[in-house]
2 protein chains.
Amino acid sequence: MTSILLNEIQEQGDALARLLAEESANVERIAEKIRARNIQYITIAARGASDNAATYGKYVFASFNRLPVALATPSLYTLYQTPPRLAGSLVIGISQSGEAPDILAVLQEAKRQNVPTLAITNFADSPFAQIADDVILQHAGAEKTIAATKTYTTQLLALALLSASLAQDRDRRRELDAVPHAVTRACAVDFAAEHIAARWREARAALVIGRGFNYATAFEVALKFKELAYVLAEPFSSADFLHGPIAVVQDGFPVIVIAPRGLVCDDLVNTARQLQSKGADVVMISDAAHALALGDSSLALSESLPEWLSPIHAVVPGQLLAYHLTRAKGYDPDHPRGLTKVTRTL
Amino acid sequence: MTSILLNEIQEQGDALARLLAEESANVERIAEKIRARNIQYITIAARGASDNAATYGKYVFASFNRLPVALATPSLYTLYQTPPRLAGSLVIGISQSGEAPDILAVLQEAKRQNVPTLAITNFADSPFAQIADDVILQHAGAEKTIAATKTYTTQLLALALLSASLAQDRDRRRELDAVPHAVTRACAVDFAAEHIAARWREARAALVIGRGFNYATAFEVALKFKELAYVLAEPFSSADFLHGPIAVVQDGFPVIVIAPRGLVCDDLVNTARQLQSKGADVVMISDAAHALALGDSSLALSESLPEWLSPIHAVVPGQLLAYHLTRAKGYDPDHPRGLTKVTRTL
């Protein structure tokens with residue numbers, strides 16, 4: 001049986017290549033406009049998987065553009081009706097559907113306060129695209145299943161492209177060109193993921209650990225586990241993990257550690273060792289041999305990307321593991337229960 | 001057997017009264033200095049329970065001071081060494097010990113960039129207190145157990161006091177005076193919490209739902225469950241919950257809903273109903289009769305506080321439930337495994 005979700009996971013490389021081809025010039029133009037506004041910080045409004053993309057944005061814009069990022073709390077704009085002053089900020093709304101009403105409310109308030117607005121969405125004719133000063137289109141194509149996969153990775157790439165363009169950094173812009181192929185190659189772990197899923201098919205809870213740029217990856221993989229496989233997967237930074245949550249780990253407890261090469265890799269390797277000493281069943285996602293060697297089993301990234309771009313391919317083995325776990329548990333990955341594609345929160 | 005943790009939970013009212021008595025004049029003075037700096041937004045750096053206090057700050061400062069809050073990502077200041085530009089920001093570090101090295105790094109960078117800094121800590125002679133321009137002392141007294149209780153609620157009150165003073169809002173300042181007594185009275189659910197703990201003693205996972213001002217409460221109650229009772233408790237906003245995680249709920253699944261009176265109360269009541277229809281075992285924490293009536297059992301707040309202050313007493317029944325669950329499971333609440341009081345993250 002062909003799964004639509006599996007197809008969408010495998011299509012991600014093509015979607016990312018389309019985004020680069022279609023949006024690079026537009027994003028250059030947007031970046032020039034934003035530079036002229038001399039902003040002090042960025043506000044990002046998003047929910048669900050898009051909120052995980054926003055967390056990635058936090059690291060990218062701070063690291064390479066020296067711009068702090070505040071994640072908006074949409075309920076202040078809707079239920080409480082006490083929006084903060086946004087002077088000095090660029091406001092970015094992220095929503096694949098471009099319809100989320102609470103995120104739209106943040107963009108509307110930003111327009112009212114006359115601060116620059118940018119929408120990242122998959123739909124050119126959505127309310128988001130119509131209200132924002134500028135739009136980056138994701139070019140993910142129709143996403144027929146409910147769990148976001150290619151709409152998530154294209155959001156990450158849109159943010160990375162904006163960061164490189166804002167900084168007028170040609171080296172980093174060139175690094176983006178390797179992303180689509182690396183993402184396609186990351187699908188090679190399909191069989192290994194199926195094998196781990198069979199071992200974990202009775203699991204009802206799991207942990208997903210990441211840090212730095214891949215803190216977002218931990219959140220996104222955990223979200224896929226929850227919404228597809230109904231496993232209570234909790235995301236953690238390896239830093240916060242030492243503040244207590246490590247206590248929940250017991251023998252055989254499933255843990256995924258996102259540890260691509262980079263500055264935080266060894267920190268994650270150390271956390272993985274501590275988890276193993278407490279009996280956890282650790283799966284490493286990495287392109288670093290010493291990290292992969294550590295896992296009870298591992299999901300290897302066949303290509304290496306610079307650390308700041310690694311979240312775009314490091315999420316793929318996690319998506320595949322969530323997919324196979326869903327099937328191993330006898331659920332339908334194309335029709336998860338209790339979910340709708342456009343979430344209307346106020 | 002007397003538990004130190006239970007004593008510390010019960011001492012919270014006294015600690016909060018001390019904070020108001022000792023710090024009100026100091027905070028008035030600090031607020032005047034900050035008003036003169038004409039800041040555009042606030043950056044808060046914190047980890048663990050203090051990070052949950054920071055989340056509360058996000059709602060308070062946006063709602064009443066129209067100041068957006070960005071939560072700092074300390075690893076950008078330490079491991080990555082790419083701190084963002086902080087111009088236009090007030091930087092607040094929160095740490096009960098005043099020693100957390102990564103949070104200290106954020107304060108040091110803020111000093112270097114010549115932006116105003118404020119430390120909220122329990123120790124007057126800590127590195128935090130020495131480096132920051134100004135200090136609000138928590139006056140919680142020595143916290144002998146490892147799980148933060150009175151050091152958490154005094155951090156919330158310090159932020160609430162600062163917000164009211166910054167806004168020169170005498171009505172809100174007066175509302176603070178009711179907090180210590182309300183917190184003491186919230187301990188009255190001790191017996192009810194023990195009863196629920198007995199029912200949940202086999203639980204290995206749970207959900208804690210809150211929204212708005214009490215989003216922070218959901219995170220803090222979940223943290224107590226993890227670090228004391230080794231239950232994988234995951235916090236959620238009732239808004240995000242509809243984006244997928246509700247799928248994990250099955251028959252008898254333990255869920256705590258934090259629903260004091262206020263603008264989001266009915267939203268939480270609706271979420272609780274949805275959870276019950278999926279078979280969850282729902283415990284409501286509230287002062288609203290219609291919310292309390294909904295729970296399979298409930299933990300009633302005997303006093304009512306204005307919504308913006310409700311997180312300071314609404315966390316108490318959750319602390320008591322975590323304490324009793326820890327004992328019901330046969331663990332030692334005064335000596336949780338795998339935790340140290342001062343967490344040294346870099």
Side-chain angles (χ1 to χ4, degrees), chain A residues 40-41 43 47-49 51 58-59 61-76 79-80 82-89 102 147 204-205 207 211-212 215 223 226-227 230-232 234 239-240 242-248 250 263-264 267 278 336-339 343 345, chain B residues 40-41 43 47-49 51 58-59 61-76 79-80 82-89 102 147 204-205 207 211-212 215 223 226-227 230-232 234 239-240 242-248 250 263-264 267 278 336-339 343 345:
Chain A
Q40 292 192 307
Y41 72 103
T43 302
R47 282 222 183 267
D51 199 34
K58 225 174 146 151
Y59 286 85
F61 292 119
S63 292
F64 298 111
N65 309 93
R66 301 205 63 202
L67 287 167
V69 174
L71 302 183
T73 42
S75 67
L76 293 170
L79 292 171
Y80 290 107
T82 54
R85 256 180 241 112
L86 297 164
S89 188
D102 53 346
R204 296 184 59 175
L207 295 174
R211 198 174 175 193
Y215 190 39
L223 182 58
K226 280 179 284 209
E227 60 185 14
Y230 318 133
V231 168
L232 190 72
E234 197 168 5
D240 289 323
L242 305 170
H243 276 258
I246 198 166
V248 303
Q250 293 165 324
L263 276 170
V264 296
D267 184 56
K278 289 178 187 287
R337 62 187 180 212
L339 288 183
T343 308
T345 314
Chain B
Q40 292 192 304
Y41 72 103
T43 302
R47 282 223 183 267
D51 199 34
K58 224 174 147 151
Y59 286 85
F61 292 119
S63 292
F64 297 111
N65 309 94
R66 300 205 63 202
L67 286 167
V69 174
L71 302 183
T73 42
S75 66
L76 293 170
L79 292 170
Y80 290 107
T82 54
R85 256 181 242 112
L86 297 164
S89 188
D102 54 345
R204 297 185 59 176
L207 294 174
R211 199 174 175 191
Y215 190 39
L223 183 59
K226 281 180 283 211
E227 60 185 14
Y230 317 133
V231 168
L232 191 73
E234 197 169 4
D240 289 322
L242 304 171
H243 276 258
I246 198 167
V248 302
Q250 294 164 324
L263 275 170
V264 297
D267 185 56
K278 288 177 188 289
R337 61 187 181 213
L339 287 183
T343 307
T345 314

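Note that these values count all heavy atoms, side chains included, but never hydrogens, waters or copies made by symmetry. A, B, ... follow the sequence lines: proteins, then strands. Residue 1 opens every chain.
- Per-residue counts of heavy-atom pairs under 4.5 Å with chain B were compared for A:Tyr230, A:Tyr215, A:Tyr80, A:Phe61; the largest is that of A:Tyr80.
- Within the 4.5 angstrom heavy-atom criterion, no atom of B:Asp51 approaches chain A.
- For B:Leu71, the parts lying near chain A are the backbone and the side chain together; criterion is any non-hydrogen pair under 4.5 Å.
- With A:Arg85 contributing its side chain and B:Gln40 its backbone, the two residues share no donor-acceptor pair below 3.5 Å.
- Looking at heavy atoms from C-beta onward, A:Arg211 lies in side-chain contact with B:Leu79 at the 4.5 angstrom threshold.
- Side-chain contact between A:Thr73 and B:Val69 is absent, with no heavy atoms from C-beta onward closer than 4.5 Å.
- Within 6.0 Å of the CZ atom in A:Arg66, the count of heavy atoms belonging to other residues, nucleotides or ligands exceeds 12.
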